Asks: 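Could you have a look at this structure, given as structure tokens, before my questions?
What you see below is based on every heavy atom in this structure, not just the backbone, and it leaves out hydrogens, waters and symmetry mates. The structure presented is a predicted model; accordingly, all values stated were derived computationally and were not measured.
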Amino acid sequence: MVLPLLLGVLLFRRRPVERLCAAIVLMGGLFLAYETKSRSGILALVAGLLAVLVIWVVCRMRKSSFERKVLVSFGSMILLGGVTLLSLSVIGGVSSERGRGGDLELAVARDSRTGLAGAAFDQWASAPLLGTGSRTFSYLVVRDWPRDRMGNWLGNPVMVHNDYLQLLAEYGALGLILVILVFLAVIGFTFVAVVRGKAEEMRPWQAGALGALIAVAVHGAFDFTLHVMPNLMLLSLVCGVSLSSPPGQLERSLAWRTSARFQGILLLVTAAGLAGMAGAGLAAFPDWWKWESKGRDRSSVTGVRDLAPLRMVLEKAPDFEAARAYGALLLDGGRQEESADQGKLLSEATWALEIAVERHPYDAESLGNLALAYRKSGRHWEALPWSIRAVQAAWQRENKYGVLSAMSGNIAEIGERFWLARRPGEALTCYRMALDYLERSYELNYRVDRGAVFREQRDWLLERIQFLEGAGIEPKSIGGIPPVESL
């Protein structure tokens with residue numbers, strides 16, 4: 001967004017010093033943009049710079065003769081075609097350097113973003129008018145993972161890599177149309193302001209702002225530009241520049257003064273509301289800072305005392321990720337500590353993960369960890385509902401979460417309890433169901449130690465099953481444990 005502003009200064013300003021400074025910074029920015037190796041970023045940048053160049057030509061040719069306009073238009077189209085071909089060549093080279101091949105069509109076809117786009121379209125089809133709600137793509141895509149279009153290697157995507165499809169999926173057709181109309185209105189106003197040129201001192205910045213808006217519009221088709229807060233803040237500044245008016249022109253209008261007072265009051269009310277909403281988060285900021293100051297290496301942080309700052313964040317702020325992280329770290333510590341401290345850690349982990357699930361009922365990681373916390377505490381039947389919910393949320397991503405394998409382990413341990421209670425019929429049923437879940441997990445590419453853990457668990461279950469069947473034991477039905485086919 002910054003480079004089109006610099007090009008606007010370079011083309012529309014008259015002072016040589018300003019134009020020279022803008023040219024130097026612009027060349028440095030172009031080099032850095034290429035070094036990012038972002039194909040969509042380079043394409044968006046070229047579109048923004050071309051938009052500034054086109055509006056500069058339009059302004060220069062506004063009072064020219066018809067013959068000159070035709071000649072310039074023809075030359076501009078040739079230049080536009082040459083720049084487009086050069087840009088495609090550069091983008092193809094960048095794609096090849098990134099290991100995606102120089103053939104752009106083939107690279108796009110192989111890119112996982114096409115699968116994400118299909119997943120977003122499927123999500124939109126379930127609620128076409130109003131969408132499924134803000135930030136729902138991050139967990140609905142896990143539940144409805146398109147395994148026929150996406151590889152198993154991909155991590156869980158939070159964004160669609162397409163702002164328009166993300167808006168369409170989460171806010172529906174109505175939300176997308178409203179956003180596009182506002183965006184087009186800003187672009188149209190800026191174009192008219194630049195062409196008419198009533199404020200000569202504002203024209204360079206408004207022309208550059210127009211190019212920046214075009215760049216954002218193009219980039220949004222390939223990335224989640226507007227879902228990144230710094231980009232959104234910068235865009236708001238660009239929109240402010242593009243909608244600015246000549247100094248002293250509007251201030252003389254009574255209607256403007258009345259509108260300004262109303263807008264000022266509305267701004268204060270909005271700011272007060274936002275401050276109230278963010279009050280809890282601001283109160284937790286010192287504790288969050290203490291936690292973040294520990295650095296990235298927190299492998300030795302397992303005890304409750306070490307996690308005290310994170311616990312304070314969890315208590316003070318309605319933050320889902322703090323609850324999930326606190327519970328997960330304690331759960332990991334509960335696996336490592338001695339039995340004297342293990343119960344305390346697991347109890348604390350269960351408390352935190354219950355809060356995480358309450359704040360985000362569809363997060364597969366929190367559901368799976370909560371089931372594991374109950375299981376490690378020996379509360380297998382209490383773990384079962386959470387295991388079922390985790391399986392429903394993430395079985396399509398079994399290779400990442402292992403929820404089916406965890407379900408198998410929980411059912412097998414329930415079977416062991418039946419075995420020790422001298423109830424072999426119920427134990428046989430549990431062992432069979434545990435084997436079904438385990439084999440289904442393996443089919444969905446969940447591997448631990450290259451399948452060694454799977455083979456060990458399978459052999460153990462087969463040994464139990466064969467022993468009971470050899471003794472003539474008949475399986476007995478058990479309520480509350482669904483077969484793997486039903487999930």
Side-chain angles (χ1 to χ4, degrees), residues 133-136 138-139 142 155-156 158-159 227-230 232-233 270-379 382-383 385-387 389-390 393-394 400-401 403 406:
S134 177
R135 301 184 69 178
T136 53
S138 61
Y139 59 86
V142 177
N156 283 341
V158 179
M159 303 296 179
H227 287 79
V228 177
M229 186 56 66
L232 198 59
M233 296 170 66
T270 303
L274 291 174
M277 294 170 60
L282 293 175
F285 179 78
D287 299 293
W288 172 84
W289 181 257
K290 290 179 183 178
W291 170 249
E292 288 297 320
S293 64
K294 291 180 179 294
R296 295 184 178 274
D297 185 15
R298 304 189 180 113
S299 57
S300 60
V301 178
T302 56
V304 176
R305 182 178 300 178
D306 297 329
L307 295 172
L310 187 58
R311 194 184 200 280
M312 295 298 293
V313 175
L314 161 62
E315 292 178 335
K316 293 180 180 179
D319 186 69
F320 146 71
E321 293 184 350
R324 181 176 67 177
Y326 183 70
L329 287 169
L330 284 174
L331 182 60
D332 187 61
R335 299 174 194 167
Q336 300 173 8
E337 295 288 329
E338 298 295 332
S339 58
D341 296 328
Q342 189 178 36
K344 181 181 178 181
L345 291 176
L346 288 174
S347 176
E348 186 80 0
T350 303
W351 168 78
L353 291 167
E354 284 176 344
I355 295 177
V357 169
E358 180 183 357
R359 293 176 178 177
H360 192 338
Y362 303 101
D363 182 63
E365 182 178 339
S366 298
L367 290 168
N369 280 338
L370 180 56
L372 184 59
Y374 276 117
R375 178 183 164 193
K376 293 295 182 181
S377 302
R379 300 153 67 181
E382 293 180 68
W386 302 110
S387 292
R389 287 180 57 179
K400 177 177 177 63
Y401 287 103
V403 288

Asks: Who passes salt bridge (charged side-chain N to carboxylate O under 4.0 Å, His left out) against R379, sequence neighbours left out?
Replies: E382
Asks: Taking R389 for the side chain and P361 for the main chain, is one N or O donor matched with an acceptor at less than 3.5 Å?
Replies: yes
Asks: Check whether any side-chain heavy atom of L310 lies under 4.5 Å from a side-chain heavy atom of L329, and answer yes or no.
Replies: yes
Asks: Can you name the side chain to side chain donor-acceptor pair (under 3.5 Å) partners of T136, sequence neighbours left out?
Replies: Q123, T132
Asks: Taking C-beta and beyond as the side chain, do H360 and R324 meet within less than 4.5 Å on heavy atoms?
Replies: no
Asks: So how far is it from W386 CH2 to S366 OG, rounded to the nearest 0.5 Å?
Replies: 10.5 Å
Asks: Looking only at heavy atoms, which two atoms of Y326 and E348 are closest? And how far apart?
Replies: OH-OE2, 2.7 Å
Asks: Inspect the surroundings of CZ in F320 and state if more than 12 heavy atoms from other residues, nucleotides or ligands are less than 6.0 Å away.
Replies: yes
Asks: Look only at the side chain of S347 and the backbone of G343, and say whether a donor-acceptor pair between them is shorter than 3.5 Å.
Replies: no
Asks: What residues, two or more places apart in sequence or in another chain, satisfy side chain to side chain donor-acceptor pair (under 3.5 Å) together with R375?
Replies: E413
Asks: Please name all residues satisfying salt bridge (charged side-chain N to carboxylate O under 4.0 Å, His left out) with R359, sequence neighbours left out, ordered by chain then number.
Replies: none
Asks: Sequence neighbours left out, what passes salt bridge (charged side-chain N to carboxylate O under 4.0 Å, His left out) with E321? Give chain and number order.
Replies: none
Asks: Could you pull out all donor-acceptor pairs under 3.5 Å where a side-chain atom in residues 350-358 meets a protein atom, sequence neighbours excluded?
Replies:
unit_1, atom_1, unit_2, atom_2, d
T350, OG1, L346, O, 2.7
E354, OE2, Y374, OH, 2.3

